[in-house]
Every structure is written in structure tokens, then in C-alpha cells.
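This report concerns only the one structure given below.
A note on names: the letters A, B, ... follow the listed sequences, proteins ahead of strands, and every chain is numbered from 1.
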Amino acid sequence: MSEEISEIKNSEEKSSVNFIRAVIDADLESGKHKEIQTRFPPEPNGYLHIGHAKSICLNFGLAKIYGGKCNLRFDDTNPEKEDVEYVDSIQDDIRWLGFKPDKVLYASSYFDQLYEWAVELIKKGKAFVCQQTLEEMRRDRGTATGAGKESPWRNRSVEENLELFERMKNGEFNEGEYMLRAKIDMAHPNVLLRDPVMYRIRKVNHHRTGSKWCIYPTYDFTHGQSDAIEGITHSICTLEFEAHRPLYEWFLDAIGIEKKPQQIEFARLNLTNTVMSKRFLKKLVDEKYVSGWDDPRMPTIAGIRRRGYTPESIRDFAERVGVAKRNSTVSLALLEHCVREDLNKKAERFMGVFEPLKVVITNYPDDLTEQFEAVNNPEDENSAKRLVSFSKELYIERKDFMEEPPAKFHRLAPGKEVRLRSAYYITCTEVIKNEDGSIKELHCTYDPATKGGWSSDGRKVKGTIHWVNARNCLKIEARIYENLFEMEDPFEVEEGHDFIENMNKNSLQIVDAYAETNLKNLEIGKQFQFERVGYFCIDKDSTPDHIVVNRIVTLKDSFEKTLK
RNA sequence: UGGGGCAUCGUCAAGCGGUAAGACACCAGAUUUUGGUUCUGGCAUCCGGAGGUUCGAAUCCUUCUGCCCCAGCCA
């Protein structure tokens, strides 16, 4: 092991190492491996979600930590479901997350080799061509407790098997008529080992191999061998493949692979307040509950990215959730914490008012406009400053004024003084009402000696509120997102009901807001903070005349709690 | 009732026979031109239950219970 690597390992965690790293450490120490090779093996049949992100971070992360390599390998053995659209989006997502595959590979590139190996297994008497129907196979597979029954075609001669398999390959049979099966044990307690299918006939075009093949290998006959071909040392997958491991090894042994990759399973990520399975996400898209796979409410990588999450925050999240074998559901609060932490350091601050209440500064000159300097990011010492426009007429947040405030209310109220962030102290002198009694606007006075937002007389002002110049601001569209599901577990429904019924009706609210004009300078995708409100980003639907922002996450709000 | 897994704070998660890390959440306080950030302190006498081994167990043994995965020519 190089010094550099041991340095990384030491600095990174003296504390604890997940169980996969423990295996790798042992393999490196024992000399079983000199270096490690991993892979991320998605099937290009859909969009990646944050659960995949965890796997990506794990596989690529492991390679990085140990100075090894990680491939991206498309597990494209089922042409019926796969499409180039997905191979592109998957690569985009991985790149966005900040990883670069050592190689981009395809299981379909190994079809020739796989075919040869299948022929070898036939010759060894370990595979046979079967012509049972789906129903017959299902019937003969047996049950959990009872053994299965051997196929009547199980004992064909090698010659006959060879000829039939070749004819399968040549397209002489229809789909479903014939298949190649491994000859293992119909009485095996693990049903996966009851003569599993290795090849099936599918007369469809493959997105990479075109019409070259009409027989396609199954996952089980492909995955381990693909790993072996690529020299994968640690083949990391999710828990549901645990029962497949004996099969994975059976094929490798039967073929006679010497350097066997080791399959290691970990628990896939689940998140509260959302659904994660491809099937359910697809339902949300197909039935138009969301605008698409990249709807900012979706837990897809595309959705999360559009929502404004940073790749750094996702990697941090993946690191924090850990790797173990226990089925678990991580709180969405952790994900939100990760973006807040990242964006707090990086995001520039602006002011925006969401529920405007007009304020007239009665002792301010009618036609004067001032420009105040405001710090773009108080968390960053090198942060630049920007100019914010101020006049006699402003908007403040309706919630920042109360006519009859409770004791702990530090904001504006009749007779009370507050600081307008970066501007002046103002005092509310009069509440102007509409005929129906609702508040129309506020009349306030300002103290010219508090320019910039502070006074030299030591006067304490507890509240600081944000504002915009009503005469010079931007009207923008704000998309306020909440969780797709209010309940932590969307599947908590009564018998016969659907998780769809648990959807949060307010998961998207579109509101008009007023923002300082500086927002114009931000490019699409840029994250920022509306002070005292939350983190936002510029959505791709924005045009120069119409800015659309997505709320990524609110700021933490401890005042909300004290109010209750 | 078959096979394969898993059970440690509200949620994740360390721990691998020597007497319960850490993170998120939560609570209390300090600082603050964001009721944000930051900082300080608190938060499992207990590790699914019951037995046992041991000077000593979350860690070993037995047994029970609960949850997850497996009967696609999906991955």
C-alpha cells in the first residue's frame, strides 16, 4: 500500500470502518489482492435515484480511498426494457455527482464470451436446452418447502443440446419455445439453484448489439462473469442479491474462473417521506403527479439536482448514512442538513419578500434612492459586497409585523423599532387598514443616524428583518416545495388503499415574490439564500424577463417553535 | 412449515469478552445586522426477549420473538 493511501485512511477515520472496508482491509493485508477494482452496474432501464447515488459513492469512493479503480458497467442483458436514453442520463448523473469511471463498459460486450462459456457448460454436462413452457417450469420448480421436479429435457445428449442451442442462437425458434438452463439441483433448498435459466430467446433489437443476437443471457449468467472479465475484486450489490450469491459462485466455478470476484451485499437506502422504487416513481411520472423524472420533488438524481442540491451535499449524505446490512430508512432531515451545511458556506445571500406588506417611510425624502452595501456571504470572509436599492416605499414580510405581538416577538409592531437588514432602523408609527379591517400598509419613520443598520449610541435592536425596494424590485415566480408525502412512511395506508392517497396536496406551491434586482445576475442552476427564508436556486424554466426559483430547503426556524 | 439475511438512542450507526463512539433530530444556554450560522451543555445503567458460559457479555452458547429477501424465460 502506498504512503498516500495509508495517509488518507489514517486521517479519514481512526474511528470506524464499515464492514465492506473491513473485508477489503483484510484482503489487502493478507495479500489476496494487491489493488481493488469495483464497478457500478446499473441496468439502463430508468433514471437513477438517491439510492443509486449511495451505491455510486460507495463503489467509486472505495476505489478512490484504496487507490483502485471503478468502472461503470451497464447491465444491459434485457433489451426489452433498456434504452440509450438511460445510458446517457446515467452517465450524466454520475458525472454530476463528481465521479469519473475508469472505463465505461457494457455487459452486452461480453455476449460472445458468454455464449462460448455456455457452450462449454453444455459440453461439461452442466447445462441443457429445455423446452418447457413458462407454466410447466413454474409448476415443476417446487415450493419453498418441497423439492422441484426435473425437466423431461434435462438429460438430452450433449450433441443434441449443442445443436439446439446453436439453433436457438440462429433464430430458428420462437420466443419462449426453448431456453438454456443450468443443470444444478431441482431439490436445492435455495430455489434459485433449481436449474436456473441461462439464456432466453428474445427477438428484439438491443440498443448496442442491434439484431446480432436473438438469445440473451440472464442476469445470473452474466453478472459474475462480467465481474470476472473486468477483474472486479469486490462486487458490491444490494441485499436482495444475497440469495443469488451461491449461483454467482456456481457459474464462476463451473466455468473454471480462477480469480473469483467476491460479492458483498449491503442494505439499499430508503428515505422517509418519499418513495424510492422505480415502479412507484414511474407511477408518479406516468400519472402526472409530478412534472417528470426531474421534477424537483422527485428523489431521482435528476430531480434532486434540479431542486438545487449540490453534489457535495449528496456525497456527504452518502458518507453519513453509512454502509451496513440492516434495512433502514434514513430521515430526510439528514439530507436537508447536508445541503444546509454545504450551502451555508457557499451560497450568496439576497433578500426576497414572499408575502408583501407595504411600508412607507414617512420621514424619508420622496424621490430619494439610496444604495446600501450588503455582504454577499457573511460566512465567507472574502465574500464580495453588493448594492441594494432603498427608497421611501418598501415591502416587508407580512409575518414580520404583528399588531398585537406576544412577548417574545422581536419583529415589527406598533411603536416598535427594528433593523432593516443592511439599511436603517425603522419604527412603526401607524397601521393603515382597508375597509374590511385588514392591514393595507404600515407607516414608519427611519433614523438617519442608523445608516447601514447600526447605531453608535449603543441602542439595542433585537429584530432584523428583510425587505425590498417596492419601487425597484423583481417580481419572480417561486416554487415552494414540500415533501411529496407528509407521512414518513408513504405506504402506511389502510387495506385496499394506495400510497398515492398519502401524497401531500401542497407539495408544490407556486407563489409570486419580490426580490432585489441583483438576482438577475444569477445563471440557471445557481444556488443562493434568501435571507431568513431558505436556500433557493434558479430553475431552468427561467427567462431573462421571468425568473423562476426553486426552494431547496428552508432555513431552520426555532422561532416557529417558540410561537407554538 | 424450506433457504438466505437482519435485530444497539426518535432516525442512521460504531462496537468483534473488559464494562455503550459519532451523526441527524430533540432540549437548555451563550454569541449574532439572517430568531440562520457558530459555540457550550444535556440526551441508551443499557444493547429484541429468556436462559446459560465467564471474575466480567451488546459482544460466546442455547432458545424464543420480530422484520426483510427468494417460487420472472427482470435486474
message: Just the rounded figure in Å: distance from P of rG5(B) to CD of Gln263(A).
response: 12 Å
message: Base of rU34(B), side chain of Gln529(A) - is there a donor-acceptor contact under 3.5 Å?
response: yes
field: Complementary nucleotide of rA14(B), counting Watson-Crick and G-U pairs under 3.5 Å
entry: none
query: Whom does rA25(B) pair with, Watson-Crick or G-U wobble, provided both distances fall under 3.5 Å?
result: none
Thr77(A) vs rA75(B): side-chain N/O to OP1/OP2 distance below 4.0 Å: yes
statement: Picking from rC24(B), rA75(B), rG36(B), the nucleotide nearest the side-chain atoms of Ser558(A) would be rG36(B)
task: Pick the P atom in rG15(B) and in rC68(B), then give their distance to the nearest Å.
output: 26 Å
- prompt: Checking only heavy atoms, does the side chain of Glu265(A) share a donor-acceptor pair with the base of rG4(B) at less than 3.5 Å?
  reply: no
message: Among rU34(B), rC12(B), rU11(B), which nucleotide has an atom closest to any side-chain atom of Ser328(A)?
response: rC12(B)
Side chain of His337(A) (C-beta onward), nearest among rC24(B), rC73(B), rC74(B): rC24(B)
message: Cation-pi check for Phe350(A) against Arg386(A): NZ or CZ below 6.0 Å from the six-membered ring centre and within 45 degrees of the axis, yes or no?
response: yes
query: In the structure shown, which nucleotide is the Watson-Crick or G-U wobble counterpart of rC60(B), with both distances under 3.5 Å?
result: rG52(B)
- prompt: Do the ring planes of Phe528(A) and Phe530(A) sit parallel (below 30°), tilted (30 to 60°) or perpendicular (above 60°)?
  reply: perpendicular
- prompt: Using the C1' atom in both, what is the distance from rG29(B) to rC64(B), to the nearest Å?
  reply: 48 Å
message: For Tyr106(A), does the six-membered ring have the charged nitrogen or CZ of Arg208(A) within the cation-pi criterion, i.e. under 6.0 angstrom from the centroid and within 45° of the normal?
response: yes
- prompt: Is there a donor-acceptor contact under 3.5 Å linking the side chains of Tyr47(A) and Glu85(A)?
  reply: yes
statement: Under a 3.5 Å limit on both distances, the Watson-Crick or wobble mate of rA7(B) is rU65(B)
field: Lys169(A) NZ/CZ over Tyr115(A) ring centroid, <6.0 Å and within 45° of normal
entry: yes
- prompt: Which value, in whole Å, describes the distance between the C1' atoms of nucleotides rC39(B) and rG52(B)?
  reply: 49 Å
task: Among the candidates rC74(B), rG72(B), rC12(B), find the nucleotide nearest to the side-chain atoms of Glu43(A).
output: rC74(B)
- prompt: Taking CD from Glu177(A) and P from rC73(B), how many angstroms apart are they, rounded to a whole number?
  reply: 17 Å
message: For Phe499(A) and Phe280(A), I'd like to know if the aromatic rings sit close, meaning centre-to-centre distance below 6.0 Å.
response: yes
message: Looking at Arg141(A), I'd like to know whether one of its side-chain N or O atoms comes within less than 4.0 Å of OP1 or OP2 on rG72(B).
response: yes
Side-chain N,O (Arg200(A)) to OP1/OP2 (rC74(B)) below 4.0 Å: yes
statement: Assigned chi class of rG10(B) under the 90° convention is anti
- request: Return no unless some side-chain N or O of Arg340(A) is found under 4.0 Å from OP1 or OP2 of rU37(B).
  value: no
task: Could you measure between the two C1' atoms, the one in rU63(B) and the one in rC43(B), and give it in whole Å?
output: 35 Å
- prompt: Taking the inter-plane angle between the rings of Tyr424(A) and Tyr446(A) on a 0 to 90° scale, is it parallel (under 30°), tilted (30 to 60°) or perpendicular (over 60°)?
  reply: perpendicular
- prompt: Considering only the C1' atoms, how many Å lie between rA23(B) and rA14(B), rounded to the nearest integer?
  reply: 11 Å
field: Base-pairing mate for rG72(B) - Watson-Crick or G-U, with both contacts under 3.5 Å
entry: none
N/O (side chain, Lys556(A)) to phosphate O (OP1/OP2, rU37(B)) under 4.0 Å: yes
task: For rA44(B), give its Watson-Crick or G-U wobble partner with both distances under 3.5 Å, or none.
output: none
- request: Ignoring backbone atoms, test whether Arg245(A) places a side-chain nitrogen or oxygen under 4.0 Å from the OP1 or OP2 oxygen of rC69(B).
  value: no
message: How many whole angstroms separate atom NE2 of His410(A) from atom P of rU32(B)?
response: 14 Å
